[in-house]
Amino acid sequence: MMATGSKVTREWFPPAAEGAQTAPLMLYNSFVDEKVPFVPAAGPTSKQITWYACGPTVYDVAHMGHARNYLSFDIVRRVLEDYFGYNCLMVMNVTDVDDKIILRARRNFLLAQYKSSGKSAEEVKEFTIEAIQAGIAKQQKKVAEMEAMVAKDSTEAEAEPDEKKRSFALRKVADLQEAVKGEALKGRQAAEALAAVQALGAAGSSADAEALLAVGSDYVAEALDKALGANVTDPTVFRAHAAKYEREFLEDMDALGCRRPDVLTRVSEYIPEIIEYVTRIIGNGMAYASNGSVYFDTQNFRSCGHTYGKLNPWAVGSAALAAEGESNFETSEKRSPQDFALWKAAKPGEPAWESPWGVGRPGWHIECSAMASSIIGSRLDIHTGGEDLRFPHHDNELAQAEAYYHHDGCKQWVNYFLHCGHLHIEGLKMSKSLKNFVTIREALASFNARQLRLMFCLQPWNKTMMYGEQSRTEMKVREAQLRNFFGNVDAAIRNSSVNTNEQRWTTEDFDLNNRILATQAAVDAALRDNINTPAVMDALSDLIKAVNKYLADKSEPGAARALLLRKAAAFVTRILSVFGIVDGPSDRLGFTEMSSSAASSDAAAARYLDALAAFRDEVRGLAKAKAAAAELVAAVGRLREGVLGGMGVKVELAASGDRSSWSAADPANRPGATSTSYIDTVVAFADQVQALASSSAAPGEVLAACDQLRDSTLVDMGVRLEDRPDGKAVWKLDDPATMREEIAARAAAAASAARKKLEGAVERKAKELEKLEGLAALPSIQEALADKYSKFDEASGEPTHDKEGNALEGKAKDKARKDYEKAAKVREPLSKKLAEDPAALDKMKAEVEELRQQLAALGTA
RNA sequence: GGGUCUCUAGCUCAGUGGUAGAGCAGCUGACUGCAGAUCAGCAGGUCUCGAGUUCGAUCCUCGAGGGGCCCUCCA
């Protein structure tokens, strides 16, 4: 090519770059309790972020309250990763060294040892009874002590001159009284257990050790622990207990579809880092060793220019006051009541590690600071946990990290602290102690992971979440809407092939496209607004409704634009996959065609289903038209020879009464398993229709056969058939179990529907009547206002003179009018009703009575 | 007791200085041989109460009351 002098001017206008900055992602940050823009620590344009999640203490099975944390933040994480495109390093700890774990592990271990020691049933019984009696004695002693303490503390509290301290002392007394109640309950439970154990032997037959221990295991374990607990020194006992529940926890998380963290940090594996951490904090002058333990020095921490209690500053003072009230503070190892343990000196029967301060184990708060610092360093983008951990756990964590990084000038270890709201069930927080918990496994028995995730997506992550009937109903409605949407769109796309239909856009197509664009904008705005998943779900629901309307408008064959429908459905799918409600690409590893599920679909099967549906449509059409039997026979013939024959299926007619068989015309090209089952079905159905025709059955019987095919045979094959008003059925593939459940639920609902409807009607009518009667019993407006005004306008009824008889003017008059209007508005429903019909109240009474009688009649039937 | 948040339809919650909205639940209706799907409509509110600021308050201020949460272990 030659360079010539002729230069061509290329015309291109660059799009304006101003205002290119997109709206920020806002996150609700616990440091300030408001939504603030999210900026990665690595820089505003960086996509690299770090996240430390406060993980489980693995002492028992996890319940849905725990799932609230991990599932909700999994959704948040997926949005950050898959929607906003951040690369997130997610670290989660597992607390496997903890008071509860130690106690339970030791007891379980001793109990197991005892069980396998080959004691006779008599010995076991004797020991169990002793154990329970010891438990009862201890309980009684404790109650007595507590009651004495209540008496002592309350007199002391009364005498306390300082107002603030007195109120704390009084609160303590109240708490103590609550605790006494709790102990008394435990005592009663122990007494019941004792009776049960004694009954086991007395019943005559030999009591076996298993049964005895099943009743008294708690007490036996406690007794064994008291006697032998200090001798348990083998660290594998504790590790094994934690490992079991850690494994179960991770299984639960997998079952819920939560992405695993990138790094898992176990306390037991980070002891050296923790010791180094504590050492440095001591070196920085913000902790001190005391009698084999190490405490964090909150006073010095403040003197060094740090802020203690950033997340819950209000709790700090109160907690200190409460701690001062502790009777044993003078003898404490702490310098200040706010100080907390970084390292605890070992007690017998506990796992312990060597340290510069003697044998011991880490305090509760230090693990998170040390492990997160070890993996991530001196600045985290995000730290998450349940809202109950705000104080003291997370505040102490922050203090420890700032103290550790003091000489790096660290004043803010975490940029965004996110706390999820608790899970409530019937108005109460789900918790182990309230015994109102549902384990994750139990929940997964009633709902699948998709349903649970959908339920979580319908409520904001940072507010209290309701787990109840209402939430379940809304989730089910939403799930059905989504399922029907995907099914409807799929059917519509099948029936509006791009190859055979005009694709030019009409007004409806432009409108639908605009709806899609608007939905995309709404979803984006909702996600930026603190990852507001309920708002996203609402936006998707609006789009689905728009698509439904579009499909209704475009009901003539081929009118709907398959490409546009696909666009809408693809967007909904994409967002759902971000939430993890449908499997997304990031949940599989490797090339997708290697995954086992990819090959399972049998593309050719659709043709046979189409043939079956079309044949059934024809049969239904003939039956509804009360056509002659010969026409049905002709239809069967057309199916066998024409349709199926054209698809390479050769039907072998059976002798009368027998089932026909079929074979592939080309043996080298045999249909797959799914296709085969469809062909079996269509051939059998054709036989059935022919038999009905030849016995000249009534049209109703033919329709019944069609219904049975739809409601039973196809359901079992995972095919959902829906008859449309135009006489054409559409089919969708679905899970047979789900469909059977739906059918069963509908049948149950239908059975009780009449009664429920009547009950509802009675209740509503009675309520309305009660309300109106209440209004009727009210004094008249003028009587009601008589304490404020003395005279009223004849025509309008409004007050004209005040209580003293002075004429109302200016502002006072306006006020009077407002008073009047308010009172009038309250009475409006009644006056309106009476204006329509002066006898309305009596009529309503009669109606309620009538409904009640109907209901009673139903009850006796 | 202190702190803090909250009070809007039967339930869960949006919302705005110009007398209120959504979803679910309820009730009608359209379509329909049945089932399903879908659409349309209706009803339901002293916006906790009281006082103040304002031309005007559900919204702002103050007070009262109810509820939640935190101040101890918890996800």
Before accepting this row, confirm whether a basic side-chain N of the pair [X]/[Y] lies closer than 4.0 Å to the acidic partner's carboxylate O.
X        : Y        : answer
A/Arg720 : A/Glu742 : yes
A/Arg515 : A/Asp511 : no
A/Arg104 : A/Asp60  : yes
A/Arg478 : A/Asp538 : yes
A/Arg724 : A/Asp617 : no

Strand partner of [N], provided both Watson-Crick or wobble distances fall under 3.5 Å:
N     : answer
B/C42 : B/G26
B/A64 : B/U48
B/U72 : none
B/C59 : none
B/U54 : none
B/G33 : none
B/U19 : none

Where the side chain of [X] is defined as all heavy atoms beyond and including C-beta, which of [options] is the nearest nucleotide?
X        : options             : result
A/Glu474 : B/G23, B/C34, B/A75 : B/G23
A/Asp723 : B/G33, B/C11, B/A75 : B/G33
A/Thr57  : B/A75, B/C24, B/C39 : B/A75
A/Ala315 : B/A75, B/C39, B/C71 : B/C71
A/Lys767 : B/A75, B/G33, B/G10 : B/G10
A/Lys463 : B/A14, B/U12, B/C70 : B/A14
A/Gln470 : B/U32, B/A25, B/C11 : B/C11
A/Lys545 : B/C39, B/A35, B/G33 : B/C39
A/Lys549 : B/A35, B/C39, B/C24 : B/C39
A/Ser318 : B/G2, B/G36, B/U72  : B/G2

* Asked: Backbone N or O of A/Thr57 within a donor-acceptor pair of the A/Thr95 side chain at under 3.5 Å?
  -> no

* Using atom types as modelled and distance alone, determine if a side-chain donor or acceptor of A/Asp529 lies under 3.5 Å from a backbone N or O of A/Asn532. => no

Distance, rounded to the nearest Å, where [X] contributes [atom1] and [N] contributes [atom2]:
X        : N     : atom1 : atom2 : value
A/Leu758 : B/C27 : CG    : C1'   : 14 Å
A/Glu701 : B/C34 : CD    : C1'   : 15 Å
A/Tyr467 : B/U12 : OH    : C1'   : 17 Å
A/Met455 : B/C24 : CE    : C1'   : 14 Å
A/Phe485 : B/G36 : CZ    : P     : 22 Å
A/Lys310 : B/C70 : NZ    : P     : 23 Å
A/Leu389 : B/U72 : CG    : C1'   : 13 Å
A/Asp388 : B/C73 : CG    : P     : 11 Å

* Whichever of A/Val826 and A/Glu742 has its nearest RNA chain B nucleotide further upstream toward 5' ->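 The residue mapped nearer the 5' terminus is A/Glu742.
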
* Asked: RNA chain B: A/Lys732 or A/Phe391, which has the more 5' nearest nucleotide?
  ->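 The answer here is A/Lys732.
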
In whole Å, what separates the [atom1] atom of [N] from that of [M]?
N     : M     : atom1 : value
B/G2  : B/U16 : P     : 32 Å
B/G10 : B/G52 : P     : 30 Å
B/A37 : B/C5  : P     : 46 Å
B/G26 : B/U19 : P     : 32 Å
B/G17 : B/C60 : P     : 9 Å
B/C39 : B/C31 : C1'   : 9 Å
B/G3  : B/U8  : C1'   : 26 Å
B/U53 : B/C62 : C1'   : 11 Å

Check this for me: does the side-chain of [X] come within 3.5 Å of the base of [N] through a donor and an acceptor?
X        : N     : result
A/Arg620 : B/G33 : yes
A/Arg710 : B/A35 : yes
A/Arg390 : B/C71 : no

* For A/Glu759, look at atom CD and say whether over 12 heavy atoms of other residues, nucleotides or ligands are found less than 6.0 Å away. => yes

* Can you tell me if the side-chain N/O atoms of A/Lys756 get under 4.0 Å from OP1 or OP2 in B/A25? -> no

* To do: Answer yes or no: does a side-chain N or O of A/Asn312 lie under 4.0 Å from OP1 or OP2 of B/C70?
  => no

* Asked: Regarding A/Lys35 and the six-membered ring of A/Tyr28, is the cationic atom NZ or CZ under 6.0 Å from the ring centre and inside 45° of its axis?
  ->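 Geometry flag: not set, cation outside 6.0 Å or 45°.
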
* Could you tell me whether A/Gly760 contacts a base, only the sugar-phosphate backbone, or nothing, with contacts defined as non-hydrogen atoms closer than 4.0 Å? =>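 Nothing, no nucleic acid heavy atom in range.
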
* To do: With heavy atoms under 4.0 Å as the rule, sort A/Lys432 into base, sugar-phosphate or nothing.
  =>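 Answer is nothing: A/Lys432 stays at 4.0 Å or more from every strand.
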
